[in-house]
Protein chains: 2
Amino acid sequence: MARSKAQPYHHGQLREALASSGRALLEEKGIRGFTLRECARRAGVSHAAPAYHFASIDDLLAELAVQGFNELAAAMTAEVARAEGGATSHLVAQGVGYMAFAAGNPALFQLMFSREANRLETPALAAAAEAVRNLHAAAVEAAIPHASGEIKQRMADFAGASVHGFISLLLDGQIGGKDSSRALKARGLSLLSAMAETVVRVGS
Amino acid sequence: MARSKAQPYHHGQLREALASSGRALLEEKGIRGFTLRECARRAGVSHAAPAYHFASIDDLLAELAVQGFNELAAAMTAEVARAEGGATSHLVAQGVGYMAFAAGNPALFQLMFSREANRLETPALAAAAEAVRNLHAAAVEAAIPHASGEIKQRMADFAGASVHGFISLLLDGQIGGKDSSRALKARGLSLLSAMAETVVRVGS
DNA sequence: TTCTGCCTCTTTCCATCGTCAAGATTGAGG
DNA sequence: CCTCAATCTTGACGATGGAAAGAGGCAGAA
């Protein structure tokens, strides 16, 4: 039985294809509308094909979350690299990168910071999440190098909570329901500057 | 012709029982483990019984979210009522109430502020969520009554984001992985005081 | 080269899910 | 008492996640 070249018996990149289609599906249907069979359908394979690459649907979700954390870290460092100025503006830039990733991948972002992801508890996921936290801690550390360890930790809590909370509430529609994208960005930047100002003031 | 709650028949309080068992199930299994049939099972009725009281599983989830927002508002006002001092300490107290509710109902809290809940878009849910936002805006307003409208909005963003972000990250395990409950409360209070200080300073 | 073993994918099957349709049960009003 | 409508049960359908078994295809051994 002849098979077209487009759909050979061996896909070759099924794992990547499943992750890709899964990601699109997640953004499209949300976590409750996410199904393994639809992922397989979009990748052009049978519904049982994913089983070899992902032990379960949770395994696939964990993989997506890991990807998300890696890209989140990349977005944060990229924005910092683009920024001019000192450690304080770097802290703001890192927040901009954080929000930009979240805004571009809202459903994935929520999955990454959801109880469902936490329930997965794979080492790779924990490591990827920790890398993001370390980036953040380093930025706070650089902004207030002379502060005590306790102050640094509290300011890290504070900065992280502000940024994460703002973008979370925004993506959930709790903030700025009918505001324009431009206005929302201004509100976000305003929040970031208030956050950085407080960090520097308390930590100096 | 009469309402179901006014004319109970076999179970008598099925709607309430389903909401109650559903809430327990949600906290136990998370949003992906939440099933209508298990709710019915725990309420002691057949799998199709819920259909009369809730048009769909999303209807039940929306009801739970509405309950959650109402209780969140109650927790916030209760903590404010217990607090001594002026508007600034009331702002802190409201944050304490917010965090206390979230800590006591982590899965429900995540549902309330999830994209899934947002997708439901029932009027009752929107109203319940708005009531919480109004409580928060009023507390900020009282803390900085002489500030401009724009400053008030920015400080409301800031205060809400800090509180929501901190408890969200905490419940997801991104903050204070192995710290004691006492230490975590101290970190939360420290964050709240830094938040209130910034609000008052910027808004005065 | 041919053969053999293993990795990959398909097919088939099962228990469970949400929802619908139809039948049974019960309390209330005529 | 008797009908009737609201409530609940039973049964069914399509869809899902996962397991089991078989087929296809590649790569290394002979």
Side-chain angles (χ1 to χ4, degrees), chain A residues 1-26 28-65 111 116-117 119-120 122, chain B residues 1-26 28-65 111 116-117 119-120 122:
Chain A
M1 124 182 185
R3 255 173 205 278
S4 72
K5 286 180 184 176
Q7 297 194 350
Y9 195 94
H10 282 77
H11 188 289
Q13 309 261 45
L14 225 205
R15 172 171 255 265
E16 289 75 11
L18 287 171
S20 171
S21 63
R23 211 158 141 176
L25 181 59
L26 181 65
E28 209 172 300
K29 301 291 178 69
I31 184 69
R32 277 183 54 80
F34 183 88
T35 72
L36 207 50
R37 285 169 109 106
E38 178 65 20
C39 288
R41 231 171 272 133
R42 294 187 179 198
V45 294
S46 77
H47 69 269
Y52 189 86
H53 300 278
F54 300 99
S56 69
I57 192 172
D58 284 347
D59 246 40
L60 176 48
L61 287 174
E63 167 78 16
L64 295 184
L111 170 67
E116 304 304 310
R119 206 171 287 230
L120 304 176
T122 73
Chain B
M1 58 184 72
R3 302 189 60 82
S4 62
K5 292 205 296 192
Q7 296 194 354
Y9 138 69
H10 197 91
H11 191 286
Q13 309 258 48
L14 223 204
R15 173 173 256 266
E16 289 74 12
L18 287 170
S20 171
S21 64
R23 212 158 138 173
L25 181 60
L26 182 65
E28 209 172 300
K29 302 291 179 70
I31 185 66
R32 295 199 67 249
F34 184 88
T35 72
L36 207 49
R37 286 169 110 108
E38 178 65 19
C39 287
R41 232 172 271 132
R42 295 190 179 197
V45 294
S46 77
H47 68 269
Y52 191 87
H53 301 277
F54 299 98
S56 70
I57 192 173
D58 285 347
D59 247 40
L60 175 49
L61 287 174
E63 165 79 15
L64 295 184
L111 170 66
E116 305 304 309
R119 206 170 287 228
L120 304 176
T122 73

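Small disclaimer: the values here were computed from a predicted structure and weren't measured. Quick note on labels: first sequence line is chain A, next is B, and so on, each numbered from 1. Note: hydrogens, waters and symmetry copies are ignored here, and every other heavy atom, side chains too, is used.
- Straight-line distance from the CG atom of B/Leu60 to the C1' atom of C/dC17: 15 Å, rounded to whole Å.
- Within 4.0 Å of A/His47, counting heavy atoms only, lies at least one base atom of the nucleic acid.
- Panel note: side chain A/Glu116, backbone B/Gly30; no donor-acceptor pair is recorded below 3.5 Å.
- The side chain of B/Val45 approaches D/dT9 more closely than any other nucleotide in the set C/dG18, D/dT9, D/dG18.
- Between the CG atom of B/Leu25 and the P atom of C/dG18 there is a distance of 10 Å, rounded to whole Å.
- Relative to the side chain of B/Ala49, the nucleotides C/dC17, D/dC8, D/dG18 differ in distance, and D/dC8 lies closest.
- You'll find that the side chain of B/Tyr52 is closest to D/dA6, out of D/dA6, C/dC17, D/dT16.
- Considering every non-hydrogen atom in both A/Asp58 and A/Leu120, the closest pair reads CB-CD2, 3.4 Å.
- A/Leu14 has its CG atom 8 Å from the P atom of C/dT10, to the nearest Å.
- Comparing C/dA21, D/dA20, D/dC8 by their closest approach to the side chain of B/Ala48 singles out C/dA21.
- The CD atom of B/Glu38 sits 10 Å away from the P atom of C/dG18 (whole-angstrom rounding).
- To the nearest angstrom, P of C/dG18 lies 13 Å from CZ of B/Arg32.
- Using a 4.0 Å heavy-atom cutoff across all strands shown, A/Ser46 reaches at least one base atom of the nucleic acid.
- Protein atom CG of A/Asp58 is 17 Å distant from nucleotide atom P of D/dT16, rounded to whole Å.
- Here the closest non-hydrogen pair linking B/Ala49 and B/Leu14 is CB-CD1, 4.0 Å.
- Residue-to-nucleotide proximity on DNA chain D shows that, of A/Phe34 and B/Pro50, the 5′-proximal contact is made by B/Pro50.
- The NE2 atom of B/His53 sits 13 Å away from the C1' atom of D/dT9 (whole-angstrom rounding).
- Distance alone, capped at 3.5 Å, places no donor-acceptor pair between the B/Arg15 side chain and the B/Phe54 backbone.
- Under a 3.5 Å cut-off, the side chain of B/Arg42 and the backbone N or O of B/Ser21 do not form any donor-acceptor pair.
- Applying the 4.0 Å criterion to OP1 and OP2 of C/dC17, one finds that B/Arg41 has a side-chain N or O inside that range.
- Distance, A/Ile57 CD1 to C/dC17 P: 15 Å, rounded to whole Å.
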